[in-house]
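See below for the structure under consideration.
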Amino acid sequence: MRCPYCNSTESQVKDSRPNEEDASIRRRRICSDCGAKFTTIERVQIRDLSVRKNNGDLEPFDYEKLKRSIKIACRKRNVPDEQIEKLVTSIHRRIETDTTDNTVPSSVIGDFVSDSLINLDPIAFVRFVSVYKKFSKISDFKKIIAQIPEADVGAMVCDLPKKPKTGSLF
């Protein structure tokens with residue numbers, strides 16, 4: 001493993017621990033040349049996956065990019081990091097097992113994320129879908145909110161006054 005500080009390829013593993021229900025291993029390493037300590041994470045990878053973007057470009061599947069996009073949707077929501085990690089791992093496994101081709105359309109990944117987020121947190125679902133589907137009108141939000149099960153919609157409604165008290169809404 002290459003040291004992120006001095007680029008040496010000589011490092012020693014000092015500690016290993018399984019993470020995420022044994023889906024990955026966290027390793028603490030120390031560089032033999034500069035003595036810097038760093039962490040690596042190893043994940044089981046069934047096969048090399050590529051993502052076909054909407055514009056036709058092909059790029060390697062990036063677990064961390066998927067995790068970042070879900071974290072952004074869940075920002076300032078009561079969703080623990082462990083739950084996000086489990087969600088990303090389950091989506092990654094689903095992509096590997098539910099698809100037969102090594103090239104996966106980005107729309108399939110977006111649909112998997114949407115399906116998972118609607119059950120995890122309806123607000124995060126709306127946030128994610130609004131970016132994923134490139135919402136440009138209020139009616140886009142109304143349509144997607146109508147798809148959320150009725151019991152969850154109440155959590156999304158905020159109590160705003162019917163009429164602003166003054167000329168400003170804020």
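- Every residue two or more places apart in sequence or in another chain was checked for a ring-ring contact (aromatic ring centres under 6.0 Å, His included) with Phe38, and none qualifies.
- Scanning for side-chain contact (heavy atoms from CB on, under 4.5 Å) contacts around Lys142 gives Ile138, with sequence neighbours left out.
- Counting heavy atoms from C-beta outward, Arg94 and Asp115 have side chains that approach closer than 4.5 Å.
- Interatomic distance, Ile148 CD1 to Asn119 CG, rounded to the nearest 0.5 Å: 10.5 Å.
- With a 4.5 Å cut-off on side-chain heavy atoms, Ile95 and Val108 do not count as touching.
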List the steps, then state whether side-chain contact (heavy atoms from CB on, under 4.5 Å) holds for Val13 with Arg28. CA-CA 6 Å; Val13 175; Arg28 284 296 291 161; over 6 Å; no

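- With contacts defined as side-chain heavy-atom distances shorter than 4.5 Å, the pair Arg17/Ile25 does not qualify.
- For Thr40, the side-chain hydrogen bond (donor to acceptor under 3.5 Å, both in side chains) partners are Arg29, not counting sequence neighbours.
- The distance from atom SG of Cys31 to atom CD of Glu10, rounded to the nearest 0.5 Å, is 8.5 Å.
- You'll find the side chain of Met1 stays beyond 4.5 Å of the side chain of Thr9, heavy atoms only.
- Between Cys3 and Asp33 the shortest side-chain heavy-atom distance does not fall below 4.5 Å.
- Linking ILVMFWY residues whenever their side-chain heavy atoms come closer than 4.5 Å, directly or via other members, leaves Ile72 and Leu117 in distinct clusters.
- Atoms NZ and OG1, on Lys14 and Thr39 in that order, are 14.0 Å from each other to the nearest 0.5 Å.
- Qualifying side-chain contact (heavy atoms from CB on, under 4.5 Å) partners for Lys137, counting only residues two or more places apart in sequence or in other chains: Ser139, Asp140.
- Partners of Glu82 under the side-chain contact (heavy atoms from CB on, under 4.5 Å) rule, at least two apart in sequence or in another chain, are Pro80.
- Listed here is the closest heavy atom pair of Leu49 and Asp101: CD2-O, 4.4 Å.
- Among residues two or more places apart in sequence or in another chain, the ring-ring contact (aromatic ring centres under 6.0 Å, His included) test is passed with Tyr5 by none.
- Linking Ile, Leu, Val, Met, Phe, Trp and Tyr whenever their side-chain heavy atoms come within less than 4.5 Å puts Phe141 and Val113 in one cluster.
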List the atom pairs, donor and acceptor, that lie under 3.5 Å between side-chain atoms in residues 53-61 and the rest of the protein, sequence neighbours left out.
from: Asn54; atom 1: OD1; to: Ser106; atom 2: OG; distance (Å): 3.4
from: Asn55; atom 1: OD1; to: Asp57; atom 2: N; distance (Å): 2.9
from: Asn55; atom 1: ND2; to: Asp57; atom 2: OD2; distance (Å): 3.3
from: Glu59; atom 1: OE2; to: Lys65; atom 2: NZ; distance (Å): 3.0

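- Side-chain contact between Val88 and Ile91: absent, with no pair of heavy atoms (C-beta onward) separated by less than 4.5 Å.
- Side-chain contact between Cys34 and Ser8 is absent, with no heavy-atom pair separated by less than 4.5 Å.
- Judged as a side-chain contact (heavy atoms from CB on, under 4.5 Å), and not counting sequence neighbours, the contacts of Gln147 are Ile144.
- Residue pairs meeting the ring pair (Phe, Tyr, Trp, His ring centres under 6.0 Å) criterion with at least one partner in residues 106-128, sequence neighbours excluded, are Phe128-Tyr132.
- Listed by chain and residue number, nothing satisfies the side-chain hydrogen bond (donor to acceptor under 3.5 Å, both in side chains) test with Asp62 (two or more places apart in sequence, or in another chain).
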Hey, mind stepping through Glu85 and Asp81 against side-chain contact (heavy atoms from CB on, under 4.5 Å) and telling me if it holds? CA-CA 6 Å; Glu85 189 69 39; Asp81 286 341; over 6 Å; no

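- Annotation: salt bridge (charged side-chain N to carboxylate O under 4.0 Å, His left out) contacts involving residues 120-131, sequence neighbours excluded, comprise Arg77-Asp121.
- Contacts of Ser16 classified as side-chain hydrogen bond (donor to acceptor under 3.5 Å, both in side chains), with partners at least two apart in sequence or in another chain: Arg27.
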